[in-house]
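Start at 1 with the first residue, then count along the sequence.
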Amino acid sequence: MEENIPGEFKKELGLLDGTMLVVGSMIGSGIFIVSADIARQVGSAGWLILIWLISGLITMIAAVSYGELSAMFPKAGGQYVYLKEAYNKLIAFLYGWSFFAVIQTGTIAAVGVGFSKFAAYLYPPLSDENVLYELGSFKLNAAQIVSIITIVILTYINSRGVKNSKTLQTVLTVVKILSLFGLIIFGFILAAKADVWNANWTDAWSSRAFDVEKGSWMPIGGTALLTGISAAMVGSLFSSDAWNGVTFIAGEIKNPKRNVGLSLFLGTLIVTVIYILTNLMYLAVIPFQEIATAKSDRVAVVASQYTFGDMGTIIIALMIMISTFACNNGLIMAGARVYYTMAKDGLFLKKAGELNDASVPAWALWVQCLWASLLCLTGKYGDLLDFVIIIVLIFYILTIYGIFILRKKMPDADRPYKAFGYPFLPLVYIIIASAVCVGLLLTKFSTCGWGVLIMLTGIPVYYLTKPKG
């Protein structure tokens, strides 16, 4: 039995575990839902696939760029550490602050609510329409309780050691990948219709937007199309996010200099392929109008009903419950390592920098659990996604620009792996992600503006709490 050094992380995760953490954290409920919104924003099959393709490619560019940083700094904390090394403690703190306030906890809350939404399919009393308690304008519903219970259970499993959470992650993610491939293959074999496919691709590039109130399409071009693309990309980018989780747990990965970067590449490649194939299957099975107007945006349910009949709804509900459960396990596991590293730097609650007997930061796990549970009670998870994606993109841009800074700052540092396609590909990512950020601030200022504000409130907090001396 491997000896456990008190206060040290155990290196228990191999390449498969790292890759499954990336895949498992990325695939939540987005791929089952988001295509409806994208279809309404851009209005054609070509644009729908292109948006998923762009999101997949820029995610992969970001992931292989991070490979250089993960090989240079193979320790717990990942992105927080890279920002600290490239810039300074303030920028790193603003990331950690946003990460705790909104990014990770908001995502955990949104994924938890996704789980309860589909649990209510199988057992209706669990839905958000079942209000259990009211106080003024505050309403507590069954779905919120379910999402909080799943977050508490997963936090408990994670607090018992990385081995349990690793096994759960790998098993659930393999089930998730196989069931998605099953859905794609059966969709193509049992439900694909040549006339549906041909009709969907007839005007593949005619861009139009769907007016929900009027129930009709309007042609769009120029600025309106750019606005539509940036709004549509929120969903696809959010569905492709959380791939960086593996960098946070680098302290527990065997041979991190090789395996972290490789996990990032393999994980994002697998997810991109699955996402594109799933959307091609949607287009082979469902008329475009139905994709855009799917009830509660549940495109996968419509596809599954075409494929499996009435059983389809139950199959998808079970798939999404497994998917969101595995997704949250990965998010919960990875998030706590960031607060641990921040606490070690004196930038977070001191207790979060301690490991328990199972060599995991249990205190950090429970603080994260508490805040994510409170965010579940806000019930505004649609807004949470807008809050999250703008801050996430800003810090991805800063981190990838950090590669350029570190090449100048530390020219002789050991770089076992170098960013693929440097400087061209990292620059492409920075330009596209910046354009999406500007588009978001112009189109969704009311929610994205709040996201930026939450991030900026970290500046006075940093100076007030900074260790003196």
**Report entry** side-chain hydrogen bond (donor to acceptor under 3.5 Å, both in side chains) partner of Trp52, the single match among Thr278, Asn279, Thr272
**Finding:** Asn279
Report task. Check whether any side-chain heavy atom of Val146 lies under 4.5 Å from a side-chain heavy atom of Phe115, and answer yes or no. Result -> yes
Requested in this report: For the pair Arg337 and Glu252, find out whether any cationic side-chain nitrogen is under 4.0 Å from an anionic carboxylate oxygen.
Outcome: yes
Query raised in the report: If you draw a 6.0 Å radius around CD in Glu129, do more than 12 non-hydrogen atoms from other residues or ligands fall strictly inside?
Result: no
Query raised in the report: Does Arg298 count as lying over the ring of Phe118, i.e. NZ or CZ under 6.0 Å from the six-ring centre, within 45 degrees of the axis?
Result: yes
Requested in this report: Determine, stepwise, if the pair Phe248 / Phe99 fulfils ring-ring contact (aromatic ring centres under 6.0 Å, His included).
Outcome: CA-CA 12 Å; Phe248 305 142; Phe99 188 82; 5.1 Å; yes
Query raised in the report: Listed by chain and number, what are the side chain to side chain donor-acceptor pair (under 3.5 Å) partners of Asn141, not counting sequence neighbours?
Result: none
Query raised in the report: With a 4.5 Å limit on heavy-atom distance, are the side chains of Ser116 and Leu126 in contact?
Result: no
Query - Full working for side chain to side chain donor-acceptor pair (under 3.5 Å) between Gln79 and Thr247 - result: CA-CA 7 Å; Gln79 192 167 346; Thr247 69; 5.7 Å; no
Requested in this report: For Phe420 and Phe265, run ring-ring contact (aromatic ring centres under 6.0 Å, His included): C-alpha distance rounded to whole Å, both residues' side-chain angles, the deciding distance at 0.1 Å, then the answer.
Outcome: CA-CA 11 Å; Phe420 180 72; Phe265 169 69; 8.2 Å; no
Query - Polar side chain donor-acceptor pair, Gln41 to Trp47, under 3.5 angstrom - result: no
Query raised in the report: Side chains of Tyr82 and Glu68: donor-acceptor distance under 3.5 Å anywhere?
Result: no
Query raised in the report: Does Phe32 reach the side chain of Ser323, with side-chain heavy atoms less than 4.5 Å apart?
Result: yes
Report task. Keeping the roles fixed (side chain from Thr173, backbone from Thr170), state whether a donor-acceptor pair exists under 3.5 Å. Result -> no
Query raised in the report: Would you say Asp128's side chain and Ala143's backbone share a donor-acceptor pair under 3.5 angstrom?
Result: no
Query raised in the report: Side-chain contact, heavy-atom cut-off 4.5 Å: Met455 with Phe395?
Result: yes
Query raised in the report: Does some side-chain heavy atom of Ser25 sit less than 4.5 Å from a side-chain heavy atom of Trp243?
Result: no
Query raised in the report: Side chains of Gln104 and Val338: does their closest heavy-atom pair fall under 4.5 Å?
Result: no
Query raised in the report: For Tyr401, does the OH atom sit with more than 12 other heavy atoms under 6.0 Å from it, leaving out its own atoms?
Result: no
Report summary line: One should read off an interatomic distance between Met26 CE and Asn244 CG, to the nearest 0.5 angstrom, of 10.0 Å
Query raised in the report: Val285 and side chain to side chain contact (heavy atoms under 4.5 Å, CB included): which partner among Tyr306, Trp197, Phe188?
Result: Tyr306
Query raised in the report: Any side-chain heavy atom of Leu140 sitting closer than 4.5 Å to one from Val131?
Result: no
Report task. Before accepting this row, confirm whether a basic side-chain N of the pair Arg40/Asp297 lies closer than 4.0 Å to the acidic partner's carboxylate O. Result -> yes
Report task. Classify the ring geometry between Phe288 and Trp217 as parallel (under 30°), tilted (30 to 60°) or perpendicular (over 60°). Result -> tilted
Query raised in the report: With a 4.5 Å limit on heavy-atom distance, are the side chains of Thr313 and Ser304 in contact?
Result: no
Query raised in the report: Taking atom types as modelled, is there a side-chain donor on Asp241 or Tyr396 under 3.5 Å from an acceptor on the other?
Result: yes
Query - Test item: side-chain donor near acceptor, Asp211 and Ser216, under 3.5 Å - result: no
